[in-house]
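Residue numbers start at 1 and run along the sequence shown. Computed from a predicted structure; not experimentally measured.
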Amino acid sequence: MRLLLINNKIMDICCAAAITVTPPVSTDDDVDLEQLVNDMNSSMESVYSGVAQADTALLLSNGHMHPTHHHHHHVHTACPGHVQGHRRHTSPLVCVSPCRCLQEEHQLRPASLPAIPNPFPELCSLAGSPVLSPMQTSNNHIVKVWSEDGAGKVVEIPADMTARDVCQLLVYKSHCLDDNAWTLVEHHPILGLERCLEDHELVVQVQASMSSDSKFLFRKNYAKYEFFRNPLNFFPEQMVAWCQESDGSIPQSQLLQNFLNSSSCPEIQGYLYMKEPGRKSWKKLYMFLRRSGLYYSTKGTSKEPRHLQLVSDLEDSNIFTIITGKKLHNAPTDYQFCIKPSKVRSDCKELKMLCAEDEQSRTCWMTAFRLLKYGIVLYQNYNAPQQRKANLLPLSAPVRSVSENSLVAMDFSGRTGRIIDNPVEAQSAAVEEGQTWRKRSQRMNVLGSPSPLHPSSLSTVIHRTQVWFHGRIMREEAHKMIIQQGQVDGLFLLRDSQSNPKAFVLTLCHHQKIKHFQILPCEEDGQVFFSLDDGATKFTDLIHLVEFYQLNRGVLPCKLKHPCTAVAL
């Protein structure tokens, strides 16, 4: 019975595949089942491979079938019916190939129908269709930028995007004011170096030359183009000279024009300390910075070509500020800077470590390096936002409404109101109204405790929402922020005092020196005021104080101009 079931199963498989299989005839009752199964497996594999090859050959050649003759194959299948040897004859089966079905379907298609024109041919072309067109790979690159608080933002930019464009993108995403002082900083923590990217530099190219530990920082730098506004503060007269080709009669007013003019040959000269390669010792040398590179004299202050030794060229190098302090490199002063070849990533041996006598000298050398390397491109970078603002000014100027133009000062002190025509009287009336409002608020404070939203309670905390207030930071941190953002005159920030918990400190930069002024609270008629000059000038809150000294110098060495800002991305 078991032999009958197996033979019937095998014959059903063979019939479905349209093949003829003759089981081995045995005169004995014992049948080798294992041999029978192996023979059937080999026969099935050969049949499947032959059918697949035949169909593949017929369906190729651009989808058209080869002109072959098809015949009906009558397949006779011998199936064992009983163990005793009786045989059952099956009816002939017709196996129709899939190729024939395709050919018949092709022949039945109506060929006499008129051709309908395609109304949207552009959608059916591979080039114009957004669906049929092949996927195009994006040329954008991923750049991660970090803010001062350690937060990072990932942006996807094209390969031709400049540093200025990336800054504008980050300003837009961070909802901060674009005052053309934002910049990208190339920061190397292991080397202890950083520099501000020029506005025209391609960010992707700069990122390709950076090591894995390096990163971009997003911060303000007010001194980026300050030398265009005050060139004499950046280039002391004793440090600027002219090569022998000039007559030496160029006035200081033409200083920048000569730096920007490629045909002229300005020169920066002076003493610098240079670190000896492979050692921690520094050597004081007299150096010259020209368009061709940085040189030092092997014989005193001699300018003769035989006494000049090249330190570095300008074309394939960038100038960096050293931020690790003088102890790490055993530098003679704190005013270090470095010339780093563009191809160098993390090799300290290729760095040219330099050190100046003071901050003004270091600023002069670094600014002259940028001017001599980039020339007129720097002025174009500086002038581009000014031109853009001038072009948008006629369109962006607010249009005053009729009601605003018709506003006049009124006096309602009498029984009937009257228009105040005298401007002086109108101003005095406004001052008197403000004083009356203050007295009214003071009486309310005496009668009852102020609510959390009352102006007297807000005066002690409202300054914490301002960009120039930085809370409880240390004196050293305030110094660091001022230095990083340019050390220009009027750069300031406010912070909590470390010695007096009720007082505040104004940190101000003037002539590249950082000074600190304490803001003390004083009480008068039950109200708290803030003052910088021991009560001579009092303010209800720190916002009024800052606004006053932005317009008036007062007891300060200069007006408050540029707030030291830290924006979270």
Side-chain angles (χ1 to χ4, degrees), residues 147-150 176-177 179 181-183 185 194 196 217-224 226 229-230 233 321 323 325 334-335 358-360 362-363 459-522 528-568:
S147 60
E148 298 290 346
D149 60 350
C176 51
L177 179 63
D179 54 359
W182 293 102
T183 184
V185 178
E194 67 179 25
C196 293
L217 302 179
F218 180 60
R219 73 160 72 116
K220 282 194 172 184
N221 183 12
Y222 293 101
K224 193 172 186 179
E226 188 66 19
R229 306 180 185 96
N230 303 297
N233 295 339
T321 302
I323 59 176
D334 291 322
Y335 312 105
D358 51 30
E359 180 62 35
Q360 187 181 26
R362 178 173 70 170
T363 304
S459 63
T460 58
V461 295
I462 195 173
H463 55 268
R464 299 189 179 275
T465 62
Q466 304 302 306
V467 295
W468 38 257
F469 188 78
H470 295 271
R472 298 184 61 83
I473 62 174
M474 302 296 293
R475 187 187 186 101
E476 294 75 13
E477 183 67 18
H479 270 256
K480 179 181 178 181
M481 294 184 66
I482 293 291
I483 292 174
Q484 287 178 345
Q485 299 197 15
Q487 284 188 273
V488 297
D489 290 352
L491 181 59
F492 73 97
L493 63 86
L494 268 72
R495 56 187 175 90
D496 290 321
S497 175
Q498 301 295 319
S499 57
N500 187 351
K502 295 183 179 181
F504 303 92
V505 176
L506 170 66
T507 303
L508 177 65
C509 181
H510 179 63
H511 287 172
Q512 297 183 337
K513 294 182 180 179
I514 302 175
K515 301 179 180 181
H516 305 271
F517 302 89
Q518 197 168 39
I519 303 174
L520 297 174
C522 57
V528 178
F529 296 91
F530 299 96
S531 177
L532 264 174
D533 49 9
D534 297 331
T537 309
K538 299 183 291 291
F539 305 92
T540 56
D541 53 53
L542 294 183
I543 295 181
H544 290 162
L545 184 146
V546 170
E547 291 177 349
F548 175 83
Y549 286 106
Q550 284 178 331
L551 301 175
N552 308 276
R553 191 182 72 175
V555 296
L556 300 177
C558 64
K559 298 178 184 179
L560 305 182
K561 296 180 181 178
H562 309 293
C564 192
T565 308
V567 174

Are any non-hydrogen side-chain atoms of H479 and I482 less than 4.5 angstrom apart? no

Hey, mind stepping through K220 and Y222 against side-chain hydrogen bond (donor to acceptor under 3.5 Å, both in side chains) and telling me if it holds? CA-CA 6 Å; K220 282 194 172 184; Y222 293 101; 3.2 Å; yes

Euclidean distance, I543 CD1 relative to T465 OG1, rounded to 0.5 Å: 5.5 Å

Any side-chain to backbone donor/acceptor pair from N230 onto N233? Under 3.5 Å, distance only. no

Shortest non-hydrogen contact from W468 to L542? CH2-O, 4.0 Å

Tell me, with the steps shown, if L560 and V546 meet side-chain contact (heavy atoms from CB on, under 4.5 Å). CA-CA 7 Å; L560 305 182; V546 170; 4.2 Å; yes

Show the nearest heavy-atom pair for residues V488 and H562, with the distance to one decimal. CG2-CD2, 3.5 Å

Are L506 and L545 close enough that some pair of their side-chain heavy atoms sits under 4.5 Å apart? no

V185 side chain reached by F218 side chain, heavy atoms, under 4.5 Å: no

Nearest heavy-atom contact between F517 and P557 is CZ-CD, 3.6 Å

To check you understand the geometry: which heavy-atom pair defines the closest contact between R219 and L217, and what is its length? NH2-CD1, 3.4 Å

Can you check whether H516 reaches V505 side chain to side chain, under 4.5 Å on heavy atoms? yes

I want to check something: taking the side chain as every heavy atom from C-beta on, are Q550 and F492 in contact at a cut-off of under 4.5 Å? yes

Got a second to check how far S497's OG is from Q518's CD, nearest 0.5 Å? 4.5 Å

Nearest 0.5 Å, please: how far is CG in L520 from NZ in K502? 12.0 Å

Any non-hydrogen side-chain atom of E359 less than 4.5 Å from a side-chain atom of T363? yes

Donor-acceptor under 3.5 Å (H544 side chain, F530 main chain): no

Measuring from atom OG of S499 to atom CZ of R475, what distance do you get when rounded to the nearest 0.5 angstrom? 9.5 Å

At what distance, to the nearest 0.5 angstrom, does CZ of R553 lie from SG of C558? 8.5 Å

Evaluate the side-chain contact (heavy atoms from CB on, under 4.5 Å) criterion for residues Q485 and L491: first the C-alpha distance (whole Å), next the side-chain angles of each, then the deciding distance (0.1 Å), finally the verdict. CA-CA 8 Å; Q485 299 197 15; L491 181 59; 4.1 Å; yes

Is K515 close to C509 at the side-chain level, that is, under 4.5 Å between some pair of heavy atoms? no

Please check if the distance between the ring centroids of F548 and F539 is under 6.0 Å. yes

Any non-hydrogen side-chain atom of K559 less than 4.5 Å from a side-chain atom of N552? no

Would you call D496 and R464 a salt bridge, using N to O less than 4.0 angstrom? yes

Is the backbone N or O of I473 less than 3.5 Å from a side-chain atom of Q498, with the two atoms forming a donor-acceptor pair by type? yes

Least distance between heavy atoms, A536 atom then S531 atom: N-OG, 4.0 Å

Kindly determine whether H463 and F504 satisfy ring pair (Phe, Tyr, Trp, His ring centres under 6.0 Å), including the steps that lead there. CA-CA 11 Å; H463 55 268; F504 303 92; 5.0 Å; yes

Heavy-atom closest pair (P521 atom, V528 atom, distance to 0.1 Å) is CB-CG1, 4.1 Å

Once you round to the nearest 0.5 Å, how far does OG1 of T507 lie from CD1 of I514? 8.0 Å

Does the pair L493 and T565 meet the rule for a side-chain contact (heavy atoms from CB on, under 4.5 Å), with working shown? CA-CA 8 Å; L493 63 86; T565 308; over 6 Å; no

Go through it in stages, so that I can follow the logic: the residues are F529 and D541, the test is side-chain contact (heavy atoms from CB on, under 4.5 Å), and I'd like the CA-CA distance, side-chain angles, deciding distance and then a yes or no. CA-CA 7 Å; F529 296 91; D541 53 53; over 6 Å; no

